[in-house]
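Down below is the structure, laid out as structure tokens.
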Amino acid sequence: MEPFALALDLATGRLAPHTSSIVRRVSDMRGMYADGEAERQLASGGDPVVYEVLQYDVPTESGQLVCCTTVIHAGLVGDEYFMTKGHFHEKRETGEVYLGLAGRGYLLLFVDDRAAELEMGPGTLAYVPPYWAHRTLNVGDEPFTFLGVYPADAGHDYGTIEKAGFPRRVVREGSGPVVVQASGEATGAVG
Ligand code: PAN
Ligand code: ZN
């Protein structure tokens, strides 16, 4: 791998050049939102784009670092904010660093019976420790974008989250976000 420099647009999160990208729509996230009916209606209606990931690929080997940006669009499925699928790293002992670029979001994390949520905005540097599952979501009216840097051989385990979900969700109550237990009751942790 040769050294390289990329242009990162801090306002939009666009990374140029990038060598791969992912676009995920509501229909790509079946069963992940609490309100299944709202999810089905959106998916069979306009099926909006929930988020995009732009990445500059490097060899998938120990020591290499992937740099990628995520753009989560503003929106709701029922009362739940647009979010990423969320994952554990397949290599559980690998961590990750996120840097907020634009918009307002949350980072949800959990490991075993511990859960955490971090508010993110432009300039927030968030640390995802090894072993913690992580999911981000947009609680604002504009796209929420952030840069992620993680070991190229980390791998992504989505299956565990698809089966078990996250222990906490972030929903809009009135005009703002509230963190609730996945079962529905408020944690009282964040307003
Ligand atoms: C991020 C995520 C990105 C999209 O780059 O992959 O935000 O989220 P999902 O992968 O959960 O769909 C990261 O954490 N990489 O390891
Ligand atoms: Zn990750």
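Atoms within each ligand, like the ligands themselves, are counted from 1 in listed order. Numbers for residues simply follow the sequence, beginning at 1.
- At the top of the distance list for atom 5 (O) of ligand 1, counting protein heavy atoms only, stands C68 SG, 3.1 Å.
- Evaluated by nearest non-hydrogen atom to atom 14 (O) of ligand 1, the leading choice among Y158, Y150, Y98, F88 is Y98.
- Heavy atoms of R135 found under 4.0 angstrom from ligand 1: none, in either backbone or side chain.
- Sorting the N, O or S atoms of E96 by how far they are from the Zn ion (ligand 2) puts OE1 first.
- Within the 4.0 Å heavy-atom cutoff, Q55 does not count among the residues contacting ligand 1.
- The Zn ion (ligand 2) has no N, O or S atom of H156 under 2.8 Å away, backbone or side chain.
- Ranking the protein heavy atoms by distance from atom 7 (O) of ligand 1 puts T70 OG1, 2.7 Å first.
- Below 3.5 Å of separation, one finds no N or O of T136 facing any N or O of ligand 1.
- If you look at Y150 and Y98, their ring centroids are not closer than 6.0 Å.
- Nearest protein neighbour of atom 6 (O) of ligand 1, counting heavy atoms only, is H87 CE1, 3.6 Å.
- Distances below 4.0 Å separate heavy atoms of H134 from the following atoms of ligand 1: 14 (O).
- Of the protein's non-hydrogen atoms, the one nearest atom 13 (C) of ligand 1 is E96 OE2, 2.9 Å.
- The shortest non-hydrogen separation linking V66 to Q55 is CG1-CD, 3.5 Å.
- Under a 4.0 Å criterion applied to the non-hydrogen atoms of F146, ligand 1 contributes the atoms 7 (O).
- Residue, atom and distance of the protein heavy atom nearest to atom 12 (O) of ligand 1 are Y51 OH, 2.5 Å.
- Between H89 and V128, the closest side-chain pair of non-hydrogen atoms is not below 4.5 Å.
- A side chain to side chain donor-acceptor pair (under 3.5 Å) with R169 holds for exactly one of E80, E117, Q181; it is E80.
- Counting the atoms of ligand 1 from 1 in the order shown, those under 4.0 Å from a heavy atom of V53 are 3 (C), 4 (C).
- The side-chain heavy atoms of T84 and R135, taken from C-beta on, include a pair separated by under 4.5 Å.
- Considering only non-hydrogen protein atoms, atom 8 (O) of ligand 1 sits nearest to T84 CB, 3.5 Å.
- The distance from the CZ atom of F144 to the OG1 atom of T136 is 6.0 Å, given to the nearest 0.5 Å.
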